[in-house]
Protein chains: 2
Amino acid sequence: MGEQPERSFIEKARRAQIVDAAVETIAARGFAKASLAQIAERAGISKGVISYHFAGKDELIELVVEQVYERIGAFVGPRMEEQKEREGGGGWLRVYIQSVAEYMAGHRVQLTALGEIFGNFRKGDGAPRYDVVTSESLYVALEEGFREGQERGDFRPFDVRTMAVSLQSGIDAMFAYWSAYPEHDLAAHARELADLFEHATRAEGRPAEARPTADHRPREH
Amino acid sequence: MGEQPERSFIEKARRAQIVDAAVETIAARGFAKASLAQIAERAGISKGVISYHFAGKDELIELVVEQVYERIGAFVGPRMEEQKEREGGGGWLRVYIQSVAEYMAGHRVQLTALGEIFGNFRKGDGAPRYDVVTSESLYVALEEGFREGQERGDFRPFDVRTMAVSLQSGIDAMFAYWSAYPEHDLAAHARELADLFEHATRAEGRPAEARPTADHRPREH
DNA sequence: CCATTTTCTGACCGGTCGGCCAAAATTTAA
DNA sequence: TTAAATTTTGGCCGACCGGTCAGAAAATGG
């Protein structure tokens, strides 16, 4: 239980520095080319330092994932809480989508690295280290929200797992698209995505409250 | 212009054999571990044969992608054509989703390999070989369908690019989820996804034609 | 100041990669 | 049958990988 890592000042600083360098390197060069040598070079240290402070590359990568997860959760979580207290309906869906989009906009490199890791990091046996199974807790949380909305009558009947998986995929795709087209209007995409899932989920004959009509002109890329 | 590859019988057979072995190896071991040595072993030939028949690994991988794309297009395309002739409304959306799902069900290995390649294959400079930009022509085709539906009044106004990107991401996620949970009911997921996008796209006050109510009980994994 | 511990360096290890090639095997054609 | 062309083999190359290690350097503390 209560292990005490007993990290020295230097230890903590180095670990943070190396994690940051790993994020930057993975985002910039891709997971496959983010070798310990590359990460060390970006951090301005010798390769052996990484081995000295981390048990191995896997521990380093998993720390990166944990860090990004924590930070995005710390951003989105409170906004969801506040929304649920303010208005109990299905509005949390829009808040969720737009909060994530807002975080993306300000932390592009972090999210890029996370995507690289999710797509490419594998265990020794070749199986993906992170896959849809990893997202189970996220799916469960979304399902809970959907089920509440259905019981309240805000949402139509639908399979909550399919809806959760599709929603998360739409958010991931929003990031991937913005990543490929940096001039893409992320906020507008988030609004459209919220509209999409509002229409997809809401009960029949129960129109969403009026919203200013969006501008649907095509964009150039 | 008009190059004549002038492939001998052996040449064509070997190339096909090697492409097949590549598909199987990539699907089974992941892109990163699908080395030329592994592919050659699965094909029962020497490693050098691949180098002899292909300019390099890149050419081989790109051939795999082309082959899978052609085959899925040959499966889905005619079904879309037939649907559009039979009934001009927004029903193509459901046909598209379910056709792709049906193809997935019968060609799991192919699609798994394609996913691996899309996620991991990179150019010399480290940039992804295939990204959302690659899907541009697919997006354009979907947008065309959405725009027609909007003009006809079947669909509500929405940004067609966001809808196309989200739809395709939902289909990709459906495959990924089924891939992680093989006992997952792919056909049911496809039906739910079609419902989702039918609700998301259809014009206000224009309910979809009656459908037998689906069974929305949760599934176990 | 010096002894001890912590931290860092750069060379090195075994392993895998894609690609190359001389020589052997096989097929084709005269 | 035999000479030429095609195909295949299996070993080899240089490059890079993650990880290790002895010893140098730096920090710590009595």
Side-chain angles (χ1 to χ4, degrees), chain A residues 4-23 25-26 28-65 116-117 120-127 129, chain B residues 4-22 25-26 28-65 116-117 120-126 129:
Chain A
Q4 274 180 303
E6 201 86 61
R7 305 233 189 263
S8 72
F9 173 77
I10 285 185
E11 179 83 11
K12 283 193 286 186
R14 270 277 187 253
R15 284 173 70 96
Q17 176 199 19
I18 292 169
V19 167
D20 286 349
V23 167
T25 307
I26 292 169
R29 316 225 335 154
F31 182 84
K33 297 209 169 182
S35 63
L36 293 185
Q38 288 291 331
I39 295 170
E41 186 185 346
R42 185 171 290 258
I45 58 178
S46 171
K47 188 171 63 133
V49 185
I50 299 179
S51 296
Y52 179 75
H53 289 286
F54 294 91
K57 194 184 185 184
D58 288 9
E59 187 195 331
L60 172 58
I61 302 297
E62 281 163 18
L63 231 61
V64 169
V65 172
E116 282 289 326
I117 294 170
N120 302 342
F121 190 21
R122 287 164 188 282
K123 293 182 284 193
D125 60 7
R129 173 69 181 78
Chain B
Q4 273 180 301
E6 200 86 65
R7 306 239 188 258
S8 74
F9 173 76
I10 286 186
E11 179 84 11
K12 282 193 288 187
R14 269 277 186 254
R15 285 172 68 97
Q17 177 199 18
I18 293 170
V19 167
D20 286 348
T25 307
I26 293 170
R29 316 225 334 152
F31 182 83
K33 297 205 168 184
S35 64
L36 293 185
Q38 289 290 333
I39 295 169
E41 185 185 348
R42 185 171 289 258
I45 57 177
S46 171
K47 190 173 60 136
V49 183
I50 299 178
S51 296
Y52 178 75
H53 290 286
F54 294 91
K57 195 185 186 184
D58 288 9
E59 187 195 331
L60 172 59
I61 302 297
E62 281 163 17
L63 231 60
V64 169
V65 172
E116 282 288 326
I117 294 171
N120 302 342
F121 190 21
R122 287 165 187 282
K123 293 181 285 191
D125 61 5
R129 174 67 181 79

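In what follows, every heavy atom counts, from backbone to side chain, and hydrogens, waters and symmetry copies are set aside. Given the structure is predicted, the values throughout are model-derived calculations rather than measurements. Here is how names work: the chains are called A, B, and so on, in the same order as the sequence lines, proteins then strands, and each is numbered from 1.
Judged as a ring pair (Phe, Tyr, Trp, His ring centres under 6.0 Å), and not counting sequence neighbours, B:Phe54 has no contacts. In this structure A:Ala127 satisfies the side-chain contact (heavy atoms from CB on, under 4.5 Å) test together with A:Lys123, A:Asp125, sequence neighbours excluded. Looking at residues two or more places apart in sequence or on another chain, you find a salt bridge (charged side-chain N to carboxylate O under 4.0 Å, His left out) between B:Arg122 and A:Glu116. A:Arg29 meets the side-chain hydrogen bond (donor to acceptor under 3.5 Å, both in side chains) test with no other residue; sequence neighbours excluded.
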Please tabulate, for side-chain N and O atoms in residues 36-52 of chain B, each donor-acceptor pair with protein atoms closer than 3.5 Å (sequence neighbours left out).
unit_1, atom_1, unit_2, atom_2, d
B:Arg42, NE, B:Thr25, OG1, 3.3

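Rounded to an integer number of Å, the gap from B:Ile39 CD1 to C:dG18 P is 8 Å. When rounded to the nearest whole Å, the span between CD1 of A:Ile61 and C1' of D:dG19 equals 15 Å. If you measure from atom CZ of A:Phe54 to atom P of C:dT7, you get 13 Å, rounded to the nearest angstrom. Distance CD (A:Glu59) to P (D:dG19): 11 Å, rounded to an integer number of Å. Atom CD1 in A:Ile50 sits roughly 14 Å away from atom C1' in D:dT20 (whole-Å rounding). Put simply, CD1 on B:Ile18 is 12 Å from P on D:dT7, counting in whole angstrom units. Atom CD in A:Glu41 sits about 13 Å away from atom P in C:dG10, given to the nearest Å. Note: CZ (A:Arg15) to P (C:dT7) measures 12 Å, nearest angstrom.
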Under 3.5 Å, N/O pairs linking protein and nucleotides 15-17 of chain D:
unit_1, atom_1, unit_2, atom_2, d
D:dC17, OP1, A:Ser35, OG, 2.9

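Dashed line: the shortest gap from a side-chain N or O of B:Tyr52 to OP1 or OP2 of D:dT8 is not under 4.0 Å. Not one side-chain nitrogen or oxygen of A:Arg14 sits closer than 4.0 Å to the OP1 or OP2 atom of C:dT6. When the side-chain nitrogen and oxygen atoms of B:His53 are compared with OP1 and OP2 of D:dT8, one or more of them lie within a distance under 4.0 Å.
No hydrogens or angles were tested; on distance alone, nothing pairs the side chain of A:Ser51 with the base of D:dG19 as donor and acceptor under 3.5 Å.
Considering CG of A:Asp58 and CZ of A:Phe121, their distance stands at 3.5 Å, rounded to 0.5 Å.
Inter-residue side-chain proximity for A:Val65 and A:Arg129 is flagged as unmet; no heavy-atom pair is nearer than 4.5 Å.
Nearest to the side-chain atoms of A:Ser46 among the listed nucleotides C:dT7, D:dT9, C:dG10 stands C:dG10.
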